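First the structure, in the form of structure tokens, and then the observations on it.
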Amino acid sequence: MLNEQEVIAQLRALREKQPVKYTAFYSSQLGGIVTDPALMVIPFDDHMVHRGHGIFDTAGIVNGRIYDLDAHLDRFLKSAERSKLKLPGTREEMRDTIIKTTAASGRRDGSIRYWLSAGPGNLDLTPVAGADPGFFIMIFAGLAYPEKWRTDGVRVMTTTYPIKPPLYAITKNTNYIPNVLMQMEAKEKGFDNGVFIDHTGHVGESSNMNVAFVSQYNVLIHPKFDHILSGCTSMRTLELARRLVTQGQLKDVKVADITQAEALASKEMLIIGSSVRVTSVVQWDQHAIGDGKPGPISRALMQLLEEDMKSGDRLIEVPY
Ligand SMILES: Cc1ncc(COP(=O)(O)O)c(C=O)c1O
């Protein structure tokens with residue numbers, strides 16, 4: 001039997017064993033923000049834990065400002081509605097809590113991740129009558145990918161795991177088992193990540209990032225968003241790519257179904273997401289993409305996106 005002090009000591013010991021860089025955590029269940037990682041906990045019977053009845057979303061902190069939070073929050077609200085999750089307050093209140101938690105963290109570069117859960121109360125399937133939804137926000141050091149990804153590009157494999165059915169793929173819920181297994185499989189086989197193909201043979205997405213292609217005719221093609229997550233980074237990159245059309249580097253930008261055979265014949269392949277930004281894929285299974293080196297369009301899009309993250313019109317000042 002453990003007493004309160006022993007539990008806290010155990011939680012602290014657990015955190016000391018892990019190289020965590022969590023700097024602030026808000027929990028509606030605690031009613032505030034904590035900065036001690038040992039206290040960043042949720043009840044085991046929260047339905048997000050034992051039934052996966054929860055959703056999440058993200059945003060980046062860049063040079064002391066939050067990038068593209070509103071697009072991510074819009075997607076969060078859509079995920080909540082599809083998952084029949086109640087909101088803990090208005091959109092404005094949630095947004096404000098995210099900004100305040102970021103300020104409390106003092107972190108000027110990193111990641112924000114926030115979750116909405118059906119709340120605790122029992123181990124059944126449907127939420128407990130009258131259960132309060134749980135709202136959690138974590139501020140942490142951003143996900144870092146190897147520098148080699150940027151310089152040399154990424155190698156992907158076609159996953160053997162089935163793609164999620166569209167409703168679950170377009171909802172950013174906490175059921176990421178297919179995504180996790182895909183990434184583990186890829187790493188076990190010596191690749192950097194996997195790609196889902198849907199049952200009609202069209203390209204889907206990667207584990208926590210979208211994919212896009214530059215065709216032989218210099219058209220940027222992104223798979224349709226009806227069976228994959230609407231990546232906020234992809235949405236923004238597709239807008240920014242219009243500038244490359246104006247400058248003559250691209251002929252067009254399209255959102256369309258793309259078969260794996262068409263995709264493999266492309267000049268460039270990109271992975272796109274909040275954590276990876278825009279990165280070239282140079283190999284898919286045994287096939288080299290283009291000349292097997294990062295291409296000019298992926299470099300140009302990465303640059304446009306990085307400028308947008310530093311000085312575009314989608315930044316929110318954090319009141320540190
Ligand atoms: C399955 C999946 N697809 C795509 C993305 C890319 O989305 P975003 O650009 O909003 O990070 C993510 C990341 O959140 C994801 O989890």
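These numbers come from a predicted model, not from an experiment. Just follow the structure's listing: the first ligand is 1, and inside any ligand the first atom is 1.
In this structure, the protein non-hydrogen atom closest to atom 9 (O) of ligand 1 is Thr233 OG1, 2.5 Å. Of the protein's non-hydrogen atoms, Asn210 OD1, 3.6 Å is the one closest to atom 6 (C) of ligand 1.
Counting atoms of ligand 1 from 1 in the listed order, those under 4.0 Å from a heavy atom of His72 are 10 (O). Less than 4.0 angstrom separates some heavy atom of Ser274 from each of these atoms of ligand 1: 8 (P), 9 (O), 10 (O), 11 (O). Listed by number with element, the atoms of ligand 1 under 4.0 angstrom from any heavy atom of Glu205 are 1 (C), 2 (C), 3 (N), 4 (C). For ligand 1, the atoms closer than 4.0 angstrom to any heavy atom of Arg75 are 7 (O), 8 (P), 10 (O).
In this structure, Ser215 and Lys267 have side chains that are not in contact, with every pair of non-hydrogen atoms separated by 4.5 Å or more.
Within the 6.0 Å centre-distance limit, the rings of Phe56 and Tyr176 are counted as a close aromatic pair.
Only the side chain of Leu229 comes within contact range of ligand 1, with a heavy atom under 4.0 Å; no backbone atom does. Within the 4.0 Å heavy-atom criterion, the part of Asn179 lying near ligand 1 is the side chain and not the backbone. In Ala169, neither the side chain nor the backbone holds a heavy atom less than 4.0 Å from any atom of ligand 1.
Each of Thr97, Thr102, Asp96 was scored for a side chain to side chain donor-acceptor pair (under 3.5 Å) with Lys100, with one residue passing: Asp96. For the salt bridge (Lys or Arg N to Asp or Glu O under 4.0 Å) criterion with Asp70, the lone passing option out of Arg314, Arg75, Arg95 is Arg95.
Closest to atom 10 (O) of ligand 1 by heavy atom, among Ser275, Cys232, Gly273, is Cys232. Between atom 12 (C) of ligand 1 and the options Ile271, Asn208, Asp57, the minimum heavy-atom separation is to Asn208.
A cation-pi arrangement is found for Arg108 relative to Tyr320, the charged atom lying closer than 6.0 Å to the ring centre and inside a 45° cone about the ring normal.
Ligand 1 is never approached by Ser230 to a heavy-atom distance shorter than 4.0 Å. Taking 4.0 Å as the cut-off, Thr58 does not count as a neighbour of ligand 1 on heavy-atom distance. Residue-ligand proximity: Lys172 is placed with a non-hydrogen atom under 4.0 Å from ligand 1.
Using modelled atom types, one finds no donor on one side chain facing an acceptor on the other under 3.5 Å when comparing Asp132 with Gln29.
Hydrophobic clustering of Ile, Leu, Val, Met, Phe, Trp and Tyr side chains at less than 4.5 Å, counting indirect connections, unites Ile316 with Ile33.
Closest of all the heavy-atom pairs between Leu116 and Ala80 is CD2-CB, 3.7 Å.
Between the side chain of Thr101 and the main chain of Tyr26, no donor-acceptor pair closer than 3.5 Å is present. Of the possible donor and acceptor atoms, one in the side chain of Ser28 sits under 3.5 Å from a partner among the backbone N and O of Phe135.
Residue Ser234 has no N or O atom closer than 3.5 Å to an N or O atom of ligand 1.
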